[in-house]
Amino acid sequence: MPVMLAVEAMATRFELVLDGGDAGFLQAAGEEACEIIRDQEERLSSFRRDSLVTHLNRHAGAGKMAVDGEFLELCQLCLEVHRQSHGAFDPAVGSLMEAWGFRNTAPQAEAQKAGPSFGEVELDDTAGTVGLPSGVQLDFGAVGKGWALFLAGNCLREHGVPNALLQGGRSTAVAWGAPPGQAGWTVAIRPPYRGQSVTQRTLRNTSLAVSAVHGRQLESASGDIGHVLDPRLGTPATATALAAAECTHPALADAWSTALLVLGKQPLQSPLSWSLLLPSSPP
Amino acid sequence: MNAANEPTSSSSHDSIPRRQFLQRSAGAAGALAFVPDLSRRRRKFGKAPVKLAVVGVGRHGRTILAELGKLNGGQVVAVCDLDPNRLRSAKRRAKGAEAFEDFDSLLQKQTDVEAVIVATPTQAHREACEKALAAGKHVFCEAPLVSTLADGQALVQAARATDKVFAVGLQGRTNPVYRLARSFARSGSLQTVVDLRGQWNKKTSWRVATSNPAMEKAHNWRLDPAISIGLAGEVASHQIDTVSWFLNQYPNRVWGKGTVRLHEDGRQVADTIRLVLDFPNGASMEYQASLCSSYEGSYELLRGSNATIKLADTFGWMFKEADSATQGWEVYASRERFHNDEGITLIADATQLASQGKLKEGIGLPHLPLHYALEDFLEAIEKGRKPKVSAEAGLRAAVIGILANQAVLSGEAQAITENNYQGKA
């Protein structure tokens, strides 16, 4: 029998389905994975006062800050996607999110413009430091779930859990092995508009992430604003209603799903094995 | 002061009379301005970073590595654990650190390590700490310090015999919010202490997964009745120590009861416990911990006739009685509603936040409590001063946990004598 666990983190629900082996062992391994997910929330949340990200944001413009190697690894991964997506994915989007009112603050129209990008953040692997230019506020909302699932998945694989599906917020998943008698873990991507067909994917040793403008919205005088912003322009992304990205690394899949949503097309260089783009206008 | 009392490390506010204390606080813009701004503070360590080794890099060890990563006063050059998977994960956080599966090899090879952080299973603390001290290293040992009185007595003697810093991870004593709250309690804000309460609830099996049968026993030491001091020792001892530190006195009797309510996997170690502890001042503390439900989480509560203080990790609140004297500063303080009660939020960096109009945002500490414990350790090394939590304080907290666990196992009350607090049976 599979063992199922759940944990609330990153303002959403993560679920783990583990199969193969003693139930007590799977439960214990799953609990460790849940701790890792909670731990990543404590580190990456922009809303927690005691998180690593808040600590760095607080010291933007104050020089280089000491960080651990795991965080630098995440930053390097983000920098890679930032460059390959030509700035469509940008964890330095925090100030912009705040300016648009996605930080429980009032919108500030004058600040709703592109600011310094993640490419201007100083990453020093040797010294173990990160330096944020003044005005930069990090926001790992577009990659945090994938990164947490990456580390949780690593833990479970190292323990020898043979089959698993892990998902966070119903938008990012990583899977390996398969349920008994199945070719893999079947998941469905719900379309943004009625009348569009559901896309099914069977996941096995891969990761899938979905980004959509309707995931979270704010009301404004000009209509509803989707929570995904185009960091190059400083405005909400409108090119695509939904983007899905599949590749082996869940953090890359997560980051790329946002990049695709902003870009509206797949760039020449990316690690994706499959992708889906659904237009912003109903059929 | 009771015979069981230990001279606590003095806070700068401990000796301030209540009237003077309140006058000073009344002059602050906003609320309770005793601790400088912590949110933008960057602790600058003057010398080169202390070269550190972390021994035991399970869940808690990895959190230690993350917090050390934020402190520029320490550089982790070596990590040690029996489990290769944990070492791999630790090296991800401590890039460049050398990994060891054996502590002796670490000490022999990494001779430039200056300080060792011990986060092994509790029963292995004594051996690791003694080896580190014998090798001339400063030591930070996680709490509970030990799981037997004899180990505690021996370890305190070893710590006393060295001129190196020996600190214990009783985080309540280094937590800035707790220290602020304690300054209120010590200056008489509670008036008569009516009763005390503590709880810790988390839904978890407490079982550690391992695919290697040879590691099963080593990893699941908390569930081994032969060596585990259970929830009373591993969890309750931290919170009872906090309350004892607030009161400046230690419990002299403990009742206990424990059962397996949920995790019926053959374990003998209780997954739910209840304790009652008597203090020399006549107050008693009710304590409850469970691995079966996470409802209401973890907190400590000191109920006084004038006010009640509630503490929960990075948060602290004071609930004043309607008939208690108003001092003025409460008018400006940030408040939170808890059903029928309204709590004044104790904020460690209130002045700075108030001046920025961010008092509401400032609720809670900017770092995990662990951060301040490690920072104190590194600062004690740098300045050659005593740490805020001594080996003796660590032993006292461990003794409470050990005897509370005995009360849980026997179902009978256990006296806790001053001899016990010295590590004697």
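Only heavy atoms go into these numbers, but all of them, side chains included; no hydrogens, no water, no symmetry mates. No experiment lies behind these values; they were computed from the predicted model shown.
- Within the model, atoms CG of A:Asp22 and CG of B:Asp265 stand 10.0 Å from one another, a figure rounded to the nearest 0.5 Å.
- Here the CG-CG distance, from A:Asp50 to B:Leu370, works out to 11.5 Å after rounding to the nearest 0.5 Å.
- B:Arg207 and A:Ala28 make their closest contact through O-CB, 3.5 Å (heavy atoms, listed as atom of the first residue, atom of the second, distance).
- With a 6.0 Å radius and a threshold of 12 heavy atoms from other residues, nucleotides or ligands, B:Arg261 has its CZ atom at or below the threshold.
- Judged purely by distance below 3.5 Å, without hydrogens or angles, the side chains of B:Thr204 and A:Glu31 pair a donor atom with an acceptor atom.
- A distance of 11.5 Å separates NZ of B:Lys203 from SG of A:Cys34, quoted to the nearest 0.5 Å.
- To the nearest 0.5 angstrom, A:Phe71 atom CZ is 10.5 Å from B:Lys70 atom NZ.
- Contact of B:Arg86 with chain A is not made at all, since no heavy-atom distance falls under 4.5 Å.
- For the atom pair CG of A:Asn154 and OG of B:Ser89, the computed distance is 8.5 Å after rounding to the nearest 0.5 Å.
- Checking side-chain atoms of B:Asn85 against main-chain N and O of A:Glu158 turns up a donor-acceptor pair under 3.5 Å.
- By the 6.0 Å contact criterion, CD on A:Gln76 is enclosed, its count of non-hydrogen atoms from other residues, nucleotides or ligands being greater than 12.
- With a threshold of 4.5 angstrom between heavy atoms, A:Leu26 does not approach chain B through any atom at all.
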Next item on the list: Please report the C-alpha distance between A:Ile36 and B:Arg59 in whole Å, then the side-chain angles of each, then the deciding distance to 0.1 Å, and finally whether the side chain to side chain contact (heavy atoms under 4.5 Å, CB included) criterion is met.
Entry: CA-CA 8 Å; A:Ile36 287 170; B:Arg59 293 176 200 179; over 6 Å; no
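- At a 4.5 Å heavy-atom cutoff, the contact between B:Thr210 and chain A is made by backbone atoms alone.
- Of the atoms belonging to A:Asp125, not a single heavy atom falls under 4.5 Å from chain B.
- We find that A:Arg43 and B:Glu67 are not joined by a salt bridge, their nearest charged nitrogen and carboxylate oxygen being 4.0 Å or further apart.
- A salt bridge links B:Lys95 and A:Glu73; the closest N-O separation between the charged side-chain nitrogens and carboxylate oxygens is under 4.0 Å.
- Under the salt bridge (Lys or Arg N to Asp or Glu O under 4.0 Å) test applied with B:Arg62, the options A:Glu42, A:Glu32, A:Glu70 reduce to a single match, A:Glu32.
- Contact check on A:Asp39 versus B:Arg93 returns a salt bridge, with a Lys/Arg side-chain nitrogen under 4.0 Å from an Asp/Glu carboxylate oxygen.
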